[in-house]
A.B. asks: 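I have a structure I would like to understand better, so I am pasting it below and will then ask my questions one at a time.
Values below: every heavy atom of this structure, side chains too, minus hydrogens, waters and symmetry copies. Chain A is the first sequence line, chain B the second, and so forth, proteins listed ahead of strands; every chain is numbered from 1.
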2 protein chains.
Amino acid sequence: MKDKRTALLESGLRLFVENGFHATPTSQIAREAGVATGTLFHYFKTKEDLINSIYIENKDLLIKALKMDLEEQMTVKSKLRKLFFNFVYWALDYTCELQFFNQFSNSPFIDQLTKEQGMERFSFVFEIVKNGQETDVLKDLPADLLFDVAQGVLNGFVLNLLANRDRVNDLNFLENGFSLYWDCIKG
Amino acid sequence: MKDKRTALLESGLRLFVENGFHATPTSQIAREAGVATGTLFHYFKTKEDLINSIYIENKDLLIKALKMDLEEQMTVKSKLRKLFFNFVYWALDYTCELQFFNQFSNSPFIDQLTKEQGMERFSFVFEIVKNGQETDVLKDLPADLLFDVAQGVLNGFVLNLLANRDRVNDLNFLENGFSLYWDCIKG
DNA sequence: ATAAATATTGACTATTCAGTCAACAAATAA
DNA sequence: TTATTTGTTGACTGAATAGTCAATATTTAT
């Protein structure tokens, strides 16, 4: 029976985003998940263990969403295009999760090991960038730089989209977003 | 005598970044500032008041750094160039402050009003972008979008630079960074 | 059916912390 | 000088909280 565990992960996620880590009592997390405090500590050794689990398990879900319809034989550009739109739609559907990552990815509550495990999962994107450079499709700059800057554009775009939700249905706007992203890194 | 107040702002900044807001006792902030607890509450009504003061006063310092050598008669491109480099050098000198903003700008500890006051101070950059659009130097897209995306590129670049500090002295690298930034928004 | 393992409960505790306060010190004004 | 305001101190308090534990319930294995 894993649904109490899931309920704890979900109420934890929401409450941590709303109130912060230490301002959220474990008792409240448990209450809003509809379980007893003891149950929280049955599934998670400590409160820190809970937030680390929220981080890593949602990273996994994000990665899964990013990989949707991503095929090996695609060109670098269409792979990055797919990644761009997969991320945008994920962000629209999982705003709370996005906020969680924005707020806690650099926080001291998530331990170093967990952060590294989270980063590792993005290595496949890094590989696409490197591949794009080897085939001269992307700019000849350090791959890690292209990666970071592309991520920056994407973050900025998504932030803007979430602040102007009415633009979501403007397909042109989304295409313009991808152009900004692509033009920034294309060779 | 404002130096005890300043010492509190500084130790607060450092400790909040290292341990987080609630994981930092006011007693520790006071101790590391070399003053008594009571003194903290003499200068700041509450612990929240302290973190809001850290936020807004460092925003002011950042804005001042950004405006260095920024002249009204400059072209849009050279203004943005100046802003780019001013931000990069500020980030290198004030890494702790940058981390503070990254970690707390979206946190629930800083109240809405303070956040808005912080945003307001960036309106002069927004004006430069709008001006660039009116003179057809920048892309014809919503000004707020250009602003957010440019900010994203800058963040990504700085993040990358801080992770590879040896690149700081490679002037070519910095110029490449600005090219990424400029090419992304130029019309 | 019985035993063993696993899940669930919530009252309880030892600790921690934000903020107070009354006393004292230093600076400033009259 | 004397009075008043402003700065400084740190022991103290009331409230809140992470995690425990012994009891009970439920599931799984034999």
Side-chain angles (χ1 to χ4, degrees), chain A residues 1-58 100 103-104 107-115, chain B residues 1-58 100 103-104 107-115:
Chain A
M1 245 197 213
K2 282 283 165 80
D3 49 354
K4 301 214 168 179
R5 186 176 181 280
T6 308
L8 284 162
L9 288 168
E10 281 169 7
S11 66
L13 172 69
R14 207 187 58 254
L15 290 167
F16 286 151
V17 168
E18 278 168 20
N19 314 320
F21 180 66
H22 278 107
T24 307
T26 50
S27 56
Q28 196 188 0
I29 300 171
R31 187 166 1 100
E32 301 211 4
V35 305
T37 356
T39 307
L40 193 160
F41 290 96
H42 173 72
Y43 286 109
F44 307 97
K45 234 168 72 77
T46 63
K47 198 182 171 184
E48 252 104 23
D49 185 22
L50 171 64
I51 199 177
N52 278 287
S53 300
I54 292 172
Y55 176 86
I56 207 70
E57 292 180 31
N58 279 292
F100 179 87
Q103 203 174 128
F104 293 103
S107 81
F109 310 123
I110 314 259
D111 62 57
Q112 203 48 45
L113 184 68
T114 308
K115 280 179 193 170
Chain B
M1 246 195 214
K2 281 284 165 78
D3 48 355
K4 300 214 170 183
R5 186 176 181 280
T6 308
L8 284 162
L9 288 168
E10 280 168 8
S11 66
L13 172 69
R14 205 186 61 254
L15 290 168
F16 287 151
V17 168
E18 278 169 20
N19 314 319
F21 180 67
H22 277 106
T24 307
T26 50
S27 55
Q28 195 188 0
I29 300 172
R31 186 165 3 99
E32 302 211 3
V35 304
T37 357
T39 306
L40 193 158
F41 290 96
H42 173 71
Y43 287 109
F44 308 97
K45 234 168 72 80
T46 62
K47 195 181 173 186
E48 251 105 24
D49 186 22
L50 171 63
I51 198 175
N52 278 286
S53 300
I54 292 172
Y55 177 87
I56 207 70
E57 293 181 31
N58 279 292
F100 179 86
Q103 204 173 128
F104 292 103
S107 81
F109 310 122
I110 313 256
D111 62 58
Q112 205 48 45
L113 183 68
T114 307
K115 280 179 195 172

A.B. asks: Taking only side-chain N and O atoms of His42(A), does any of them lie within less than 4.0 angstrom of OP1 or OP2 on dA7(C)?
C.D. replies: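 Looking at the OP1 and OP2 atoms of dA7(C), one of them is under 4.0 Å from a side-chain N or O of His42(A).
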A.B. asks: Do Gln103(A) and Pro108(B) come within less than 4.5 Å of each other through their side chains, counting heavy atoms only?
C.D. replies: yes
A.B. asks: Do Lys45(A) side-chain atoms and Leu50(A) backbone N/O form a donor-acceptor pair below 3.5 Å?
C.D. replies: no
A.B. asks: How many whole angstroms separate atom CZ of Arg5(B) from atom P of dT8(D)?
C.D. replies: 12 Å
A.B. asks: Answer yes or no: is there a donor N or O on one side and an acceptor on the other, between the side chain of Thr37(B) and the main chain of Ser27(B), under 3.5 Å?
C.D. replies: no
A.B. asks: What is the distance from CG of Asp49(B) to C1' of dT20(C), rounded to the nearest Å?
C.D. replies: 17 Å
A.B. asks: Under 4.0 Å between a side-chain N or O of Thr39(A) and OP1 or OP2 of dA7(C)?
C.D. replies: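 No.
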A.B. asks: How close or far is atom C1' of dT8(D) from atom CG of Leu8(B), stated in whole angstroms?
C.D. replies: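 It is 12 Å, rounded to the nearest whole Å.
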A.B. asks: Is it true that Asp111(A) and Thr114(A) share a donor-acceptor pair across their side chains at a distance under 3.5 Å?
C.D. replies: yes
A.B. asks: Could you tell me whether Glu10(A) and Arg5(A) have a side-chain N and a carboxylate O separated by less than 4.0 Å?
C.D. replies: no
A.B. asks: What does the list of N/O pairs under 3.5 Å between the protein and nucleotides 18-21 of chain D look like, with a distance for each?
C.D. replies:
from, atom 1, to, atom 2, distance (Å)
dA18(D), OP1, Lys47(A), NZ, 2.8
dA18(D), OP2, Thr26(A), N, 2.8
dA18(D), OP2, Thr26(A), OG1, 2.9
dG19(D), OP2, Lys47(A), N, 2.9

A.B. asks: How many whole angstroms separate atom CZ of Arg31(B) from atom P of dT16(C)?
C.D. replies: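 So the CZ-P distance, Arg31(B) to dT16(C), works out to 12 Å.
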A.B. asks: Looking at Lys4(B), does any N or O in its side chain come under 4.0 Å of the phosphate oxygens OP1/OP2 on dT9(D)?
C.D. replies: yes
A.B. asks: Measure from CG on Leu50(B) to C1' on dG19(C) and round the result to the nearest Å.
C.D. replies: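 It is 14 Å, rounded to the nearest whole Å.
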A.B. asks: Here's a test for you: under ring-ring contact (aromatic ring centres under 6.0 Å, His included), which of Tyr55(B), Phe104(B), Phe109(B) qualifies with Phe21(B)?
C.D. replies: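 Answer to the ring-ring contact (aromatic ring centres under 6.0 Å, His included) test with Phe21(B) among Tyr55(B), Phe104(B), Phe109(B): Phe109(B).
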A.B. asks: Tell me the interatomic distance from Asp3(A), atom CG, to dT26(D), atom P, rounded to whole angstroms.
C.D. replies: 15 Å
A.B. asks: Over how many whole Å does the gap from Leu40(A) atom CG to dA7(C) atom P extend?
C.D. replies: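 Nearest whole value for this atom pair: 15 Å.
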